[in-house]
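A quick write-up on the structure given underneath.
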Amino acid sequence: IWRQAIDPTGRFVDRSALSGDVEVQALFENGPPATQVDLLIVSDGYTAGTKQKFFDDTQRLVDVMFATEPFARRKQDFSVRALFVPSPEQG
């Protein structure tokens, strides 16, 4: 349906170091990115003080999503990660 190739060595890829309270958490990985659907859930509206709530909410979402068809039978085709970048204000 749709495909986008991203060259990690391309000039438009920002390689600067992440600053602040940034964290990536793998919820599950089922293989290399070349053979999987990589799903990244990004925090928005979660402050530094609500980081754990973001990861809890993300886990709940992923649990429900992959308990529901057609995702349940295709779970082995996905890798899911959560990216926390604190927002300056909640909401």
Between [X] and [Y] (side chain of the first, backbone of the second, donor and acceptor by atom type, cut-off under 3.5 Å), is there such a pair?
X     : Y     : answer
Arg15 : Pro8  : yes
Ser87 : Asp44 : no
Gln90 : Tyr46 : no
Ser79 : Asp38 : no

Please answer: with hydrophobic residues joined when any side-chain heavy atoms are less than 4.5 Å apart, are [X] and [Y] in the same cluster?
X     : Y     : answer
Leu27 : Val24 : no
Val42 : Leu39 : no
Val85 : Leu40 : yes
Phe28 : Phe54 : yes

What's the spacing between [X] [atom1] and [Y] [atom2] if we round to 0.5 Å?
X     : Y     : atom1 : atom2 : value
Gln52 : Phe84 : CD    : CZ    : 10.0 Å
Phe12 : Ile6  : CZ    : CD1   : 13.0 Å
Phe78 : Gln76 : CZ    : CD    : 9.5 Å
Leu83 : Gln25 : CG    : CD    : 11.0 Å

Worksheet item: Does Ile41 reach the side chain of Val80, with side-chain heavy atoms less than 4.5 Å apart?
Response: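 Yes, at least one pair of side-chain atoms sits under 4.5 Å.
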Discussion item. Tell me which one of Thr58, Asp63, Asp57 satisfies side chain to side chain contact (heavy atoms under 4.5 Å, CB included) with Arg60.
Written reply: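 For Arg60, the side chain to side chain contact (heavy atoms under 4.5 Å, CB included) check succeeds only for Asp57.
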Worksheet item: For the residue pair Pro86 and Thr47, what are the closest heavy atoms and their distance?
Response: CB-C, 4.2 Å
Worksheet, complete the sentence: salt bridge (charged side-chain N to carboxylate O under 4.0 Å, His left out) with Asp77: of Arg73, Lys75, Arg74, only one passes, and it is Arg74
